[in-house]
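Below you'll find the structure, written out as structure tokens, and then a few comments.
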Amino acid sequence: MGRGGDAVFDLTGRWVPRLRALGPQADRVAQAVMDGAPGTDWTDWLVDVHDARGRRVLVRAFADVRAGR
């Protein structure tokens, strides 16, 4: 896994009412993915958040989420 060949897409998305809530929501998404595949190397994985117009608004490394536990 990793190295740019794998991805998990959330095509539905979520409404996040405040910009400051994006980080914690991205962390929850990353943690849920990691919890679903224990033992995977998440080093190169990212949560890449876009707004309703498709503009990137946040990028969070899975490794940063794991470090914050």
Side-chain angles (χ1 to χ4, degrees):
M1 296 187 93
R3 306 285 180 242
D6 300 295
V8 177
F9 293 97
D10 176 357
L11 299 177
T12 304
R14 288 170 183 75
W15 173 252
V16 179
R18 292 175 298 281
L19 286 177
R20 68 176 181 248
L22 286 176
Q25 178 62 33
D27 291 351
R28 284 189 292 275
V29 169
Q31 192 61 59
V33 172
M34 289 187 283
D35 289 348
T40 300
D41 178 8
W42 300 109
T43 304
D44 296 326
W45 283 69
L46 303 169
V47 177
D48 192 359
V49 181
H50 293 78
D51 67 13
R53 292 186 175 144
R55 296 175 297 203
R56 179 182 282 165
V57 293
L58 177 77
V59 176
R60 174 89 87 217
F62 276 41
D64 291 343
V65 174
R66 181 67 69 186
R69 283 187 109 190

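Here, residue 1 is the first one in the sequence, and each next residue gets the next number.
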Between Gln31 and Asp27: side-chain donor-acceptor atoms closer than 3.5 Å | no
Minimum heavy-atom distance between Pro38 and Asp35, given as atom pair plus value | CD-O, 3.5 Å
Nearest non-hydrogen partners of Ala26 and Arg60, listed with the distance | CB-CB, 4.4 Å
Does Val59 share a hydrophobic cluster with Val57, counting links as ILVMFWY side-chain heavy atoms below 4.5 Å and allowing steps through other members?
-> no
Within one Ile-Leu-Val-Met-Phe-Trp-Tyr cluster: Val47 and Met34, side-chain cutoff 4.5 Å | yes
If two hydrophobic side chains count as joined below 4.5 Å and joins carry through other members, does Val49 share a cluster with Val8?
-> yes
Joint cluster assignment, Val65 & Trp42, ILVMFWY side-chain distance < 4.5 Å | yes
Same cluster for Leu22 and Val29 if Ile/Leu/Val/Met/Phe/Trp/Tyr side chains link at under 4.5 Å?
-> no
Quick one: pull up CG in Leu46 and CG in Leu58 and give me the separation to the nearest 0.5 Å.
-> 10.0 Å
Working for side-chain contact (heavy atoms from CB on, under 4.5 Å), residues Asp48 and Arg56 | CA-CA 7 Å; Asp48 192 359; Arg56 179 182 282 165; 2.7 Å; yes
Verdict with supporting geometry, Val33 and Phe62, side-chain contact (heavy atoms from CB on, under 4.5 Å) = CA-CA 9 Å; Val33 172; Phe62 276 41; 3.9 Å; yes
